[in-house]
Amino acid sequence: MSLTNTKRKALSISAAVAAIGLLAGCGSASAPAPAAPAADAGPVTIDVWGWDAESTQHVVDAFNASHDKIKVNYVLQASNTATQTNFRNVMESKKDIPCWIPGIAPISTVLVNGWAQDITKYIEPIKDTYSKGAQAAAQVDGKYYGFPAGPSATFMMANKAVYEKYGLAVPKTWEDFVTTGKELKTHGVTVINLAGEDPSTLLQMSQQAGANWFAIDGDKWKVNLQDDATMKAVDIIQKLVDNDLVAHQTYKDRPALYSYFDSGQLATVPLAWWSMTGYQTNFKASLGQWQAVDVPQFKDAKQFVSSGFADPGFVPVGCEHPAAAVEYINWTSSSKDAIEAGRNKKTGSVGVPTNLADVSAYTADVVPDKIFGAQPAAEVGAVISKAQNAAVGKFERGPNYDAWFPELQDQWGKAMAKQITLKQAMANVQAFIAKDLDSKGIKYEVSK
Amino acid sequence: MSSRLEVRKSLDGREQEPSRQARAGASASPRFSWRTKQRLKGASFTWPFVIGFAVFTLLPMVIGLGQSLFASKTSGLGFGAATVSFAGFENFARGFIDPVFWSSMLRVSIYAVVIVPVIQLISLALALLIDAVKRRVANRFRLLLLIPYMIPGIVAIMIWLYLYSPVVGPLKPFFGLFGIHADFFSSGMIWVSIGNLAVWGSIGFNMLILFGALQAVPREIFDAARVDGASEFRIAMSIKVPYVRGSLVLTGLLSIIGTLQIFNEPTLFRSISPESITKDFTPSMVIYNQAFQVGNLNYAAALSIILAAVVGVASVIIYRLTNKVES
């Protein structure tokens, strides 16, 4: 028996309409409403997510052993990417929503997706445990949507052998950095590496100079990628590029990158504490030649400032025990027992708890033994502590960071190849942001 | 009584249809005739493919079509869930005049015009060479040439990134021996580097198809040509190539479809030459960027359908043209 053409058409149309209807249903589904803040009387059990397979379970065990009213269940994810994917799925399904997610995106992006609860009332009483930078990073428009998260602040690693060979001092200001770069160029040495695909140096220098690319003004965003502070950073980088003082080694070709860094052709490397071990593992010839130094400052800087920003972890909308979640994460971040429980069994290191107001007790422990040669670990640790304590922390990246960052990468790449100036690049990115915000219906104003 | 219908065999081995009486008696369900049941049995062999095709091709197409008819908007600061509304063909209208999308389409079209004939020519030449040697030798080369096709795309790109590397790769010093300064990551060379990778990865498969077609050409035609004094080159050009024209059309179409949808290579090469390979370098990259960076899944779905339509139209035109030439 066969279906008639009319029946077939009717079935096809019905199927299509049903599919579109389903899609409409999926697409228009809104996130669950924020849970009413409640004092978690306990005992309660909460799920917390993470992708650390080495230490976090020990921390959770220590927490459970020392707390009666809250029991934590650690749900190990395969990776950061897997966490993002799985989290999107549970937020869509509204089932098994965890009470804690480590930082997976800038906090504004998290809010745009409707994921984070306002946890201000739980953070206010404990906020002074954490650095100003960590506090700032967790806030949007004065409210805490994330837990204070410390940035891994930038310091520098200078190849002392290279500087001594050519009788040069390691520059202390960005302006001197350009002058020193010109001297080094005469000896075939580049002063810094600016990968064509990675504009993070621009973001960090802009942050250090005091730029605010995005700010909330009532019910609209103020956007300004061309303010004076940004232009200070742009000016320095443009001089470095125009005078061919920089290398453009890509991070995609790691063997080539390490080989170049190790060759004595590069004088300075900006880095964060966690990347020291990687350099030590991959360097051969230059091991022992490096020295940890402060990140250069802008000449007119009133105080020492370092750069670096963090993506704070947050309590998802739909978690019924936000107070318990904050209590757990506060304990893991600040308790000495928790930090000790998190000691890596293989390396013996506890890492740097970057969100604390004072990290000086932890920084010397993370210094690898070969790369800095005669420079004592305590001295390197002091450089790291100084950077951590002076980190700005906050650098608002607006409601459409995921959209404009690839555009910034494109424009940065063109500027590094001298196809356009960095100033033009910033204007282009700002125009892109405006167009994208328009298409999304988000209110904004471009500041002059 | 068994309800199964069995095909009887006569004494001479030929199959016979069962009698009408047997068919009527054996039919468990009067709704289906014996012939319909036989057809259903035959069709059942295709079910694994049909199910896979429906779930992984047709259903996503329907979903994509549905997505493309909606638009999502937020308001104010953009915080919270977006409002989804029916937008009709608005996304398609935007896609048809999107200069970023169409310039990427033009870019890969020009690339396809160059790279597809190169792939075809090399594959054909290799197939003809392998066809000309003894079967044992042919088998060895066939396997060797197929290895690049068996290597996953991302792995192949990582291999070539290493080979191209101006610092640690072997190619730069190799060309340096001949006084050639080869920078495979420079803006001017990036298309050549990607094209070389495409050729390396695809000639094995194309060669295999063409070699298979060459094996089907009746050998006595070659003998007749040789008797008439034709050289091996003349035999290849005047007999073998016309015989495999159908396979050439197939491999050409597959190459065009693959090239217009190119994604892996430029995405990974983007880090190497970001000033040349932007986030919107190819149509697939534009779609990916819209879906997973900008977050406009609806517009990305519309662009996907437009890309599919362009690939379909290009395939039909090329198929028609080659058929016309053949006839």
Side-chain angles (χ1 to χ4, degrees), chain A residues 1 15-16 19-24 26-31 108 111-114 140-141 195-198 216 218-221 249-253 255-257 259-260 263 398-400 402-407 409-419 436-437 439-444, chain B residues 31-33 36 59 61-86 94 158 161-162 164-169 185-187 268-281 285 289-290 292-299 301:
Chain A
M1 197 174 78
I20 290 167
L22 274 173
L23 287 165
C26 291
S28 60
S30 57
S108 296
L111 275 182
V112 165
N113 287 310
V140 176
D141 205 18
E197 78 275 16
D198 179 20
I216 292 175
D219 67 342
K220 65 176 184 294
W221 288 92
Q249 294 292 328
T250 172
Y251 286 92
K252 267 286 188 284
D253 190 359
L257 182 89
S259 169
Y260 185 81
S263 68
N400 61 341
D402 287 345
W404 65 255
F405 188 73
E407 178 67 14
Q409 283 181 306
D410 285 357
Q411 298 295 327
W412 169 262
K414 288 178 196 292
M416 291 303 103
K418 296 186 186 176
Q419 291 175 2
D436 185 60
L437 291 177
S439 73
K440 287 172 174 159
I442 296 172
K443 282 175 79 175
Y444 71 96
Chain B
R31 293 172 61 192
F32 296 108
S33 67
T36 305
L59 189 61
M61 279 170 67
V62 173
I63 291 171
L65 190 63
Q67 289 274 13
S68 67
L69 300 175
F70 289 83
S72 62
K73 284 248 178 189
T74 52
S75 59
L77 293 169
F79 295 158
T83 309
V84 179
S85 57
F86 184 74
R94 183 182 159 195
M158 297 310 286
L161 281 179
Y162 165 74
Y164 287 148
S165 172
V167 180
V168 294
F185 293 160
S186 67
S187 304
L268 279 185
F269 272 76
R270 188 172 173 226
S271 303
I272 309 296
S273 189
E275 71 278 12
S276 308
I277 302 180
T278 59
K279 66 181 187 309
D280 302 314
F281 196 62
M285 287 172 78
N289 187 56
Q290 283 294 329
F292 301 110
Q293 302 287 346
V294 175
N296 193 345
L297 211 59
N298 308 108
Y299 184 49

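Convention: sequence-line order gives letters A, B, ...; per-chain numbering from 1.
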- chain B interface, residue from A/Asp219, A/Leu111, A/Leu257 that has the most non-hydrogen pairs under 4.5 Å: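 Option with the top pair count is A/Leu111.
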
- Who wins among A/Ile216, A/Asp141, A/Leu437 for the most heavy-atom pairs under 4.5 Å with chain B?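 Counting heavy-atom pairs under 4.5 Å, the top option is A/Ile216.
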
Measure [X] against the heavy atoms of chain B and call it side chain, backbone, both or neither at under 4.5 Å.
X: A/Pro399; answer: side chain
X: A/Glu407; answer: both
X: A/Asp436; answer: side chain
X: A/Gln409; answer: both

Any donor-acceptor pair under 3.5 Å from [X] side chain to [Y] backbone:
X: B/Thr74; Y: A/Lys440; value: yes
X: A/Glu197; Y: A/Tyr251; value: yes
X: A/Trp412; Y: A/Asp198; value: yes
X: A/Asn400; Y: A/Ala403; value: no

- Query: What part of B/Asn289 gets closer than 4.5 Å to chain A, counting heavy atoms only: side chain, backbone, both or neither?
  - Reply: side chain

- Note on the structure: The interface call for B/Phe185 against chain A, heavy-atom contacts under 4.5 Å, is side chain

- Message: Would you say that more than 12 heavy atoms from the other residues, nucleotides or ligands in this model lie under 6.0 Å from the NZ of B/Lys279, or not?
- Response: yes

- Query: Hey, are B/Gln67 and B/Asn298 close enough side-chain-wise for a donor-acceptor pair under 3.5 Å?
  - Reply: yes

- When only pairs under 4.5 Å are counted, which of B/Pro166, B/Ser273, B/Gly78, B/Gly76 shares the most heavy-atom pairs with chain A?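 The residue among B/Pro166, B/Ser273, B/Gly78, B/Gly76 with the greatest pair count is B/Gly76.
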
